[in-house]
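Notes follow the structure.
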There are 2 protein chains.
Amino acid sequence: MATRARRPERREEPLSRERIVEAAIAILDTAGESGLTFRALAERLATGPGAIYWHVSGKDELLGAATEAVVSRVMPVGTADTTPQDAIRTLALGVFDAIDAHPWIGTQRGRTPGHSPMLRVFEHLGRQVQALGVPHADQFSAVSALQHYILGVGGQNAANAREHRPDMDRTEFLSTTAAVWADLDPEEYAFTRTVAAELRDHDDRTEFLAGIDLIVAGITARFGG
Amino acid sequence: MATRARRPERREEPLSRERIVEAAIAILDTAGESGLTFRALAERLATGPGAIYWHVSGKDELLGAATEAVVSRVMPVGTADTTPQDAIRTLALGVFDAIDAHPWIGTQRGRTPGHSPMLRVFEHLGRQVQALGVPHADQFSAVSALQHYILGVGGQNAANAREHRPDMDRTEFLSTTAAVWADLDPEEYAFTRTVAAELRDHDDRTEFLAGIDLIVAGITARFGG
DNA sequence: ACCTGAACACCGTTCAAGT
DNA sequence: ACCTGAACACCGTTCAAGT
């Protein structure tokens, strides 16, 4: 009767890399990249900042692990029997949506030589480029182009999300941007002004996919497929 | 004789936004993004940190202004009489080299709605896409694809530069990466392993241009040109 | 109008001390 | 082996006080 604690009270699970990464993701999603501090993380895990360093080497590793965890979840498990073109679209859209849901991913690039969290994306794109029938010598270029485009869009969306006032939705943001563009110097920004109107009824996902299709078209035009 | 200071001693020029931005660029180039602090900047300008805030609203604006200053310099002044394809290559390569010389640019995305430092790149790409004969309705997509690709590569190069030990040159970096890739799990990273060898004799600029050509090929294939 | 520099409210990271 | 939390060496930014 005395040897057992009276109220079991669900003792806190011990700290683990996994729990730390999950907590970091939760903070990043709610408070953004600037909200993730070791103090905030420690508080959420009901411990001190120092404890985290036993499981994780520092903030860079933490951000990398969080990115890898989220990206892994959207990677396809089996190869669906669709065309490579469709598979690339699905894959790219998965990454796009992941960055949309977790904008902080967009700023994360590989830092460790070789093995970045985004290497999984590279791998899966590569398989589809192979399936397209691109010659071996051109596969790297083709995959790189797709990957850089996807991460380029992601980086931009992340930047947009960061400066978003929470009270400003996407439509309002586009509308503001369109107004700014229409007001630019007619000499210096002649082209930009001509496309300002388009901006207002823009769908980000549609536009993103148009770019993917463009690159896939370039791949098949140049390398066959 | 007494009204004039005896040693003219080249009195420090007064602080100005321009001088501050130049000093910031110099620090960014030598010490990297983490080296740019208001204290370091103040010391270089022989003043206190607070003085800088009279001319610049904060660190974000400072980074934006520095990016804009560097990007402006590589923008073409007149329209050379080449093909649009060549003009796009030249333009893209200019941005690529600028990011290579100033890696901190690679992480800078537009944050102010509408007018980012990279809008000049967008504008000049747009003019060439017009010259390619792309229909108006497709111009935005075409320019976006090029821009996102260019900034995607830039972001990656910036990340690589950041984690570079200064003693590790590009060849060594590629070689290390190739070794890591060749050692990956054969199931999980089947494709990546097959292109690991290519990595060793990679030229970044050539590879970058191959991607540009791919997208331009896609643009002309889909939208004519 | 512009500059100074101390002060404020934070950071990431370390480390002696605990269990 | 793992956790605690005070302490260190920084940050960006503000602001009373000077010229």
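Sequence lines set the chain letters: A, B, ... in the order given, protein chains first and strands last, and positions in each chain run from 1.
- Base-pair partner of C:dG12: D:dC8 (Watson-Crick or G-U wobble, both distances under 3.5 Å).
- The base-pairing partner of C:dA17, taking Watson-Crick or G-U wobble contacts with both distances under 3.5 Å, does not exist among the strands shown.
- Remark: C1' of D:dC10 and CG of B:Leu36 are 15 Å apart, rounded to the nearest angstrom.
- Here the P atom of nucleotide C:dC2 and the CD1 atom of B:Ile52 are 16 Å apart, to the nearest Å.
- Residue B:Glu43 contributes atom CD, which lies 14 Å from atom P of D:dG12 at whole-angstrom precision.
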task = Step by step, work out the side-chain contact (heavy atoms from CB on, under 4.5 Å) result for A:Asp100 and A:Phe208.
result = CA-CA 12 Å; A:Asp100 197 55; A:Phe208 172 72; over 6 Å; no
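- When Watson-Crick and G-U wobble pairs are counted only if both distances are under 3.5 Å, C:dC3 pairs with no nucleotide at all.
- One interatomic measurement links the two molecules: CG of A:Leu41 to C1' of D:dG5, which rounds to 16 Å at whole-angstrom precision.
- Taking the six-membered ring where tryptophan is involved, the planes of A:His202 and B:Phe140 are perpendicular, since the angle between them exceeds 60° and thus also 30°.
- Rounded to whole angstrom, the span from the CD1 atom of A:Ile20 across to the C1' atom of D:dC3 amounts to 11 Å.
- Taking only side-chain nitrogens and oxygens, B:Trp54 comes nearer than 4.0 Å to OP1 or OP2 of C:dC2.
- The aromatic rings of A:Tyr149 and B:His148 sit perpendicular, their planes meeting at an angle over 60°, well past the 30° parallel limit.
- The distance from atom CZ of A:Phe38 to atom P of D:dC8 is 20 Å, rounded to the nearest whole Å.
- Comparing B:Ser16 and B:Arg39, the nucleotide of DNA chain C nearest to each residue sits closer to the 5' end for B:Ser16.
- We find that CZ of A:Arg19 is positioned 14 Å from C1' of D:dC2, with the value rounded to whole Å.
- Considering only the side chain of A:Thr37, C:dG12 comes nearest among C:dC3, D:dC11, C:dG12.
- Atom CG in B:Leu63 sits about 10 Å away from atom P in D:dT13, given to the nearest Å.
- Considering B:Thr176, B:Thr171, B:Thr177 in turn, B:Thr177 is the only one that fulfils the side-chain contact (heavy atoms from CB on, under 4.5 Å) rule with B:Phe173.
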request  = Let me see the working for A:Val71 and A:Met75 under side-chain contact (heavy atoms from CB on, under 4.5 Å), right down to the final yes or no.
outcome  = CA-CA 7 Å; A:Val71 170; A:Met75 284 300 104; 4.2 Å; yes
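- Of all nucleotides listed (D:dG12, D:dC3, C:dG5), D:dG12 comes nearest to the side chain of B:Lys59.
- With distances taken from any side-chain atom of B:Tyr53 to the nucleotides D:dC3, D:dT14, C:dT13, the minimum falls on D:dT14.
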